[in-house]
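Everything below concerns the one structure shown next.
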Amino acid sequence: MNKNRYILEQLSKDDGFIYVKEAEQHGIDRFKLSYLANENKIDRIAHGIYALKDEFIDEYVLLQKTSDRVVYSYHTALYFHDLSDRVPSHIHITVPQGYNASRLKKRHENFKVHYVKKDVLNLGKVKGRSPFGGEIILYNIERTICDVVKNKDKIDPQIFTHAIKQYFSNKQINVRELIKYADILNVENEIRQYLEVLQ
């Protein structure tokens, strides 16, 4: 195996992707990567991102590698947290107000984009795993519950009811964090009602 091939295999071990910046740190410049892609030896995935031929691509990871302000939310976060048994027909993401998501929407037709004020974008943001095992960023369970309660008119009623029952029947819920988020997101009264009725 030649040296470049070995380096590229090592670089792609973490998440299946080869990033130009990392490759350059290991002596393989962007022109070499471009040449290898043109020769059909590796695949160009996105700007500054390559993959070995026939490498499985985790689309959830790729999306966040191309845009670091995207957070998985709503139906998608419910599914990742096992609060929905239905695979979402759309990928739900949250981005800051003013973010231009048109490029993302062109590439991915099955997106639902939610906009929030910048000061609450990072509220409840955590690391998690995609269904394929890749590291992703999503909202934690408490933030997700507050979001779906706040926007319940836009949530599929069956998904909403299932998620609420599942969440509030769990004795391990973090009530303090839930109330804190509910206060910030202006749904404290609704959340307290669910706590009274379902806990």
Verdict with supporting geometry, N151 and Y74, side chain to side chain donor-acceptor pair (under 3.5 Å): CA-CA 9 Å; N151 296 282; Y74 290 87; 2.7 Å; yes
Note: R192-E196 ion pair, threshold 4.0 Å (strictly below): no
Got [X] and [Y] here, is their nearest side-chain heavy-atom distance under 4.5 Å?
X: L52; Y: R5; result: yes
X: I49; Y: K65; result: yes
X: T76; Y: F80; result: yes
X: I191; Y: I179; result: yes
X: I93; Y: K112; result: no
X: Y19; Y: Y50; result: no
X: H90; Y: P88; result: no
X: H26; Y: I28; result: no

Hydrophobic cluster identity match, F31 and L36, side-chain contacts under 4.5 Å: no
If we ignore hydrogens and angles and just use 3.5 Å, is the side chain of [X] paired with the main-chain N or O of [Y] as donor and acceptor?
X: E135; Y: G128; result: no
X: D58; Y: Y60; result: yes
X: D29; Y: K32; result: yes
X: S34; Y: R30; result: no
X: K150; Y: N186; result: no
X: H75; Y: I159; result: no
X: T161; Y: Q158; result: no
X: E190; Y: V149; result: no

List the atom of [X], the atom of [Y], and the distance in Å for their closest heavy-atom pair.
X: G16; Y: A51; answer: O-CB, 3.7 Å
X: V61; Y: G134; answer: CG2-CA, 3.6 Å
X: C146; Y: A182; answer: SG-N, 3.6 Å
X: I184; Y: V120; answer: CG2-CG1, 3.8 Å
X: Y167; Y: E142; answer: OH-OE2, 3.1 Å
X: A163; Y: L78; answer: CB-CD2, 3.8 Å

Crowding at NZ, K21 (>12 non-hydrogen neighbours, <6.0 Å): no
[X] and [Y]: side chain donor to acceptor below 3.5 Å:
X: R143; Y: S73; value: no
X: H92; Y: H114; value: yes
X: Y181; Y: D147; value: no

Passing option when I145 is tested against N140, I173, L178 for side chain to side chain contact (heavy atoms under 4.5 Å, CB included): L178
Candidate list T144, I136, T94, test side chain to side chain contact (heavy atoms under 4.5 Å, CB included), partner Y72, passing option: I136
V126 and Y139: CA distance, side-chain angles, deciding distance, side-chain contact (heavy atoms from CB on, under 4.5 Å) verdict: CA-CA 6 Å; V126 293; Y139 285 128; over 6 Å; no
Verdict with reasoning, L138 to H81, per side-chain contact (heavy atoms from CB on, under 4.5 Å): CA-CA 10 Å; L138 72 161; H81 287 304; 3.5 Å; yes
Verdict with reasoning, D43 to E55, per side-chain contact (heavy atoms from CB on, under 4.5 Å): CA-CA 9 Å; D43 291 323; E55 182 78 42; over 6 Å; no
Candidate pair F132 and F56, rule ring-ring contact (aromatic ring centres under 6.0 Å, His included), full reasoning: CA-CA 10 Å; F132 310 109; F56 170 76; 5.1 Å; yes
Steps toward side-chain contact (heavy atoms from CB on, under 4.5 Å) verdict (L63, F111): CA-CA 11 Å; L63 168 64; F111 269 0; 3.5 Å; yes
